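Working notes, beginning with the structure itself.
All chains are named by letter (A, B, ...) in the order of the sequence lines, taking the proteins before the strands, and each is independently numbered beginning at 1. Owing to the predicted nature of the structure, the values given are computational and were not obtained by experimental measurement.
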2 protein chains.
Amino acid sequence: MADQAQPILTRIQQKNRDLILEGALTVFSESGFRGATVDQIARAAGLSKPNVLYYFGSKDDIHKTLLTTLLDMWLAPMVRIDPAGEPLDEVLGYVRAKLEMSRRFPRESRLFAYEILQGAPHLTEILGGSLRGIVDTAAATLQGWMDQGRLTPMDPRHLIFSIWALTQHYADFDVQIRAVLGPGHDAFDEAERFLENLYRKLLEA
Amino acid sequence: MADQAQPILTRIQQKNRDLILEGALTVFSESGFRGATVDQIARAAGLSKPNVLYYFGSKDDIHKTLLTTLLDMWLAPMVRIDPAGEPLDEVLGYVRAKLEMSRRFPRESRLFAYEILQGAPHLTEILGGSLRGIVDTAAATLQGWMDQGRLTPMDPRHLIFSIWALTQHYADFDVQIRAVLGPGHDAFDEAERFLENLYRKLLEA
DNA sequence: GTCTATATTTAGATAGAC
DNA sequence: GTCTATCTAAATATAGAC
């Protein structure tokens, strides 16, 4: 009986934790850490404030959990760059995947943007650790292709930075883009074509 | 006598207002609007908290003043694009100027980044108004050059977005860039060369 | 596990002496 | 104009009933 009760509760717990993280993602991505309140998170999650703090000990706790949980997903497209693949396809595929992340997960993009802007208090060791390692690996792959003459030579890390900047910009600065373009534009559709052309021109050896 | 007293006081007023705005720029750019406190601003300005609120009625007031004061300076390089100039030089000059702004004025860059991320509550009418107008003008100039075959044809507004994204990224995501590059790198020097090459390749007709 | 009520802290803003 | 002291509101977190 006790064996049965535990999983049932755990399932509820899991669901409530998910509700909280989902609501918190919305709120944090709109207002940043300091701008967000536990009250807003609770409302977004459909729970009471004390109940939210029953599942997570503190607002800080929720935030840290979100960041670390989502980081892997956020970096996944870079890890998938295949050294055995066709260089141009691989890079263009990465650009496309990253832009698609901005389109589908703008909240995650803004969550990270706030965190980095603030000096990455919760991610400092990760930035200089695993992130740096992942970038080094990808940069080495790119450098290898350049050395083989299969890709226009350039600084591979700044090439990666450029992809981050150009794709995340469409999520993070969405308000500005929409204001400048005016109605009747799908910024992401336009960006997809623009970036495809940009990187094709840039990278063709 | 009264005629003399007024300017002297005004000079002090001006100096204190400047001190406050200078301190506030530092604090807001580090923590965002909600993360910043009037206390921190006062300390950064070397004044007492009530004194800060004597010169500016509210924290919100300081923030709005900063944004509107700095916006012109921030957009100046785009306005300077000269339709009578040499297309490639003009665009490369704009890129260089914008990157130089990121290097010299990272606080301003982050101030705007926070504001846009948050949905630009203080800049909404400006975004859809004068900013859009300025971009439209620059885009028309670019489009004209493209029509004349003096610049590779592409969406001129997304070309502008790309310049914003690529240059501001180095100020706004500075922590991440430094963590990934490690010590011994001058990110801005490297960026200058990288972006010069990127836009040269992209734009050569 | 979930709620109401509340303690506690922080921060924006003001009063009033000097 | 500038300060000390203080008011007030908001927000994090907890206590304790159910």
> For the residue pair B:Trp164 and B:Phe161, does the interplanar ring angle fall in the parallel (under 30°), tilted (30 to 60°) or perpendicular (over 60°) class?
Replying inline: tilted
>> Looking at A:Glu22 and A:Lys15, is any side-chain nitrogen of the basic one under 4.0 Å from a carboxylate oxygen of the acidic one?
In response: no
> Do the side chain of A:Lys201 and the main chain of B:Leu203 share a donor and acceptor less than 3.5 angstrom apart?
Replying inline: no
> Between D:dT12 atom C1' and A:Ile62 atom CD1, what is the distance in whole Å?
Replying inline: 11 Å
>> Check A:Asp189 with A:Arg103, please: is the shortest side-chain N to carboxylate O separation under 4.0 Å?
In response: yes
> Relative to each other, are the rings of A:Tyr114 and B:Tyr114 parallel, tilted or perpendicular (30° and 60° limits)?
Replying inline: tilted
> Within this structure, what is the CD1-to-P distance between A:Ile41 and D:dT12, rounded to whole angstrom?
Replying inline: 8 Å
> Could you state the NZ-P distance from A:Lys49 to D:dA11, rounded to the nearest angstrom?
Replying inline: 8 Å
>> Just the rounded figure in Å: distance from C1' of D:dT12 to CZ of B:Arg34.
In response: 13 Å
> Could you give the start and end, 5' to 3', of the contact zone on DNA chain C for chain B, using atoms under 4.0 Å from its heavy atoms?
Replying inline: C:dA11 to C:dT14
>> Can you work out whether B:Asp60 or A:Ser48 has the more 5'-proximal nearest nucleotide on DNA chain C?
In response: A:Ser48
> What integer distance in Å separates A:Tyr54:OH from D:dA15:C1'?
Replying inline: 15 Å
>> Please classify the nucleic acid contact of B:Ala42 as base, sugar-phosphate, or nothing, using heavy-atom distances under 4.0 Å.
In response: nothing
> Rounded to the nearest Å, what distance is computed from the CD1 atom of residue A:Ile20 to the P atom of nucleotide D:dA13?
Replying inline: 13 Å
>> Evaluate B:Tyr170 against B:Ser109 for side chain to side chain donor-acceptor pair (under 3.5 Å), listing each step before the verdict.
In response: CA-CA 10 Å; B:Tyr170 286 93; B:Ser109 187; over 6 Å; no
